[in-house]
Amino acid sequence: MVRTRFAPSPTGYLHLGGLRTALYTYLYARKMGGRFILRIEDTDQEREVPGAVQKIYDSMHQAGLTYDEGPDVGGDFGPYIQTERRDLYPKYAQELVEKGGAYPCFCTKERLDQARAEAEAKGETYKYDKHCLHLPKDEVQQRLAAGEPHVIRQNVPLTGTASFDDALYGHVEVDCATLDDNVLIKGDGLPTYNFANVVDDHLMQISHVMRGTEYLSSAPKYNLLYEAFGWEVPTYVHLPVVMRDSSRKLSKRYGDPSFEDLLDMGYLRDAIINFIALLGWSPRSEREFFTLDELEQVFDLDGLNKSPSIFDMNKLTWFNGEYIRKLSPEAYLEAATPWLKQALDETKFDFVRIAQLLHNRTEVFKDVPEMVDFLSEMPAFDNELYTHKKMKTDPAVALNALQAMRPVLSGITDWTEENLHSTLMSAIAEAGMKNGQVLWPLRIAISGKASTPGGAIEIAYLLGKDETLRRMDQSIAQLNG
Ligand code: GLU
């Protein structure tokens, strides 16, 4: 049975690289009819950010990545938070010590710091010198019995190689001579990532370990642990990094958005997920649009790409626009309403009509307030805005048109778009004017903007009669200097 896990550390928001790992891990489990597990890796307590665990649950929920087992949903292999498993790691460390794969180390910080400084002075990479591996057995027993502070280190062979096979990167092999005897259990009794990931993946019966390539070079060392325990090694799938551009990784530190940021900006969940799925995986066809359900059917390891992918914000925005256009009018209205409310008083404007006018022009919801704020307040504008070559309009043409239409609009009693349309059209025809030479300046005169959702008639309708006439008067006065 395929069992995969997403194993974030609670150090902040879910960044997009993490979201992609979570997504692929989820999709693979679903595709294979397996189980998807959430595990919280919080043994590095110094890096833990308060509230981050809850944020992980929320983000997974918002992303639609339902896990079958996890801290807040339970399961047969819990607990799923590593600090809640703390009593179980020393037992396995002890087993490893007995099997020769690890040993207690009593070296003081001073000794280690000095050795590190000496290595650095010589321009060498520091490696622990296995000092405590060679302590006499009874001395070790005595010191342990006396409760002397210590850590447990991995005993990496001095010679030979360590290797493993990655589903994506193939055979990865390193010389043991280059590996350090890393700490497995810290002085506080908690395991390091190096140890906990191996023990937990084994105990939780994880069949496929999917995670970022930053762990690729350490995986041979983890493999030594599996071998020392005599445990079956899971299939490893390391995923290439997500880049911001050709020179750097996507990173919150440089202001790149997290998943939560994107949702806050008004990107749609489905658009983000679809877009993220294609950062490093290809369906090997021209098809670009997939729902999460569809991804669950088509995702496979063969479509994964080894080379780093680039997160292109413009492409995501385009994707989002496509998703927005596919929303039903009702769904669009619902999604747009909070954004409309930022700029407009709901009791004064016809949100349904505004939503219809905006639907095809929206790429990201965060743009909505500034697309409509002219309705609640007329912006200052320059008369030169009336100059439009193709429409053959300029301030003089505009003044003429506005003066001609002012009484016409003032005479309309039932202020509907239909009435506005028919009344204006016949007045324009009667006056022998051109549609564009009237409607273009009128739109500017009542919106103050070069580009608006909807034309003169829609905007006049939305503003209402009083406000439309008031704006016309103001603009006529401005044209008269
Ligand atoms: N806790 C690790 C991280 O957040 C996860 C690595 C793994 O999936 O094994 O990077």
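In listed order, ligands and their atoms are each counted from 1.
- Both tests do not hold together for Lys31 against Tyr28: distance to the six-membered ring centre under 6.0 Å, angle to the ring axis within 45°.
- Counting only heavy atoms of the protein, atom 8 (O) of ligand 1 lies nearest to Arg5 NH1, 2.8 Å.
- The aromatic ring centres of Tyr26 and Tyr67 sit 6.0 Å or more apart.
- Residues Asn320 and Thr317 have side chains that never bring a donor and an acceptor to within less than 3.5 angstrom of each other.
- Close approach of ligand 1 to Arg211 (heavy-atom distance below 4.0 Å) involves ligand atoms 7 (C), 8 (O), 9 (O).
- For atom 1 (N) of ligand 1, the closest non-hydrogen atom on the protein side is Glu41 OE1, 2.6 Å.
- For the pair Arg153 and Tyr128, the distance from NZ or CZ to the six-membered ring centre is under 6.0 Å and the angle to the ring normal is within 45 degrees.
- Residue contacts with ligand 1 for Glu214 are absent, since no atom lies close enough (heavy atoms, distance under 4.0 Å).
- Counting heavy atoms closer than 4.0 Å to ligand 1, residue Ser9 contributes atoms from both its backbone and its side chain.
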Quick one, Leu263 with Glu260, criterion side-chain contact (heavy atoms from CB on, under 4.5 Å). Give me CA distance, side-chain angles, the key distance, then yes/no. CA-CA 5 Å; Leu263 292 174; Glu260 189 164 341; 5.6 Å; no
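- Every atom of ligand 1 with a heavy atom of Pro8 under 4.0 Å away is listed here by number and element: 4 (O).
- The protein heavy-atom contact nearest to atom 6 (C) of ligand 1 is Tyr193 OH, 3.2 Å.
- At the shortest separation from atom 5 (C) of ligand 1 among protein heavy atoms lies Ala7 O, 3.0 Å.
- Cation-pi contact between Arg20 and Phe311: absent, since separation from the ring centre below 6.0 Å together with deviation from the ring axis within 45° is not met.
- Pro257 approaches Met265 most closely through the heavy-atom pair CB-CE, 3.9 Å.
- The Tyr215 neighbourhood of ligand 1 comprises atoms 2 (C), 3 (C), 6 (C), 10 (O), with distances under 4.0 Å to a heavy atom of that residue.
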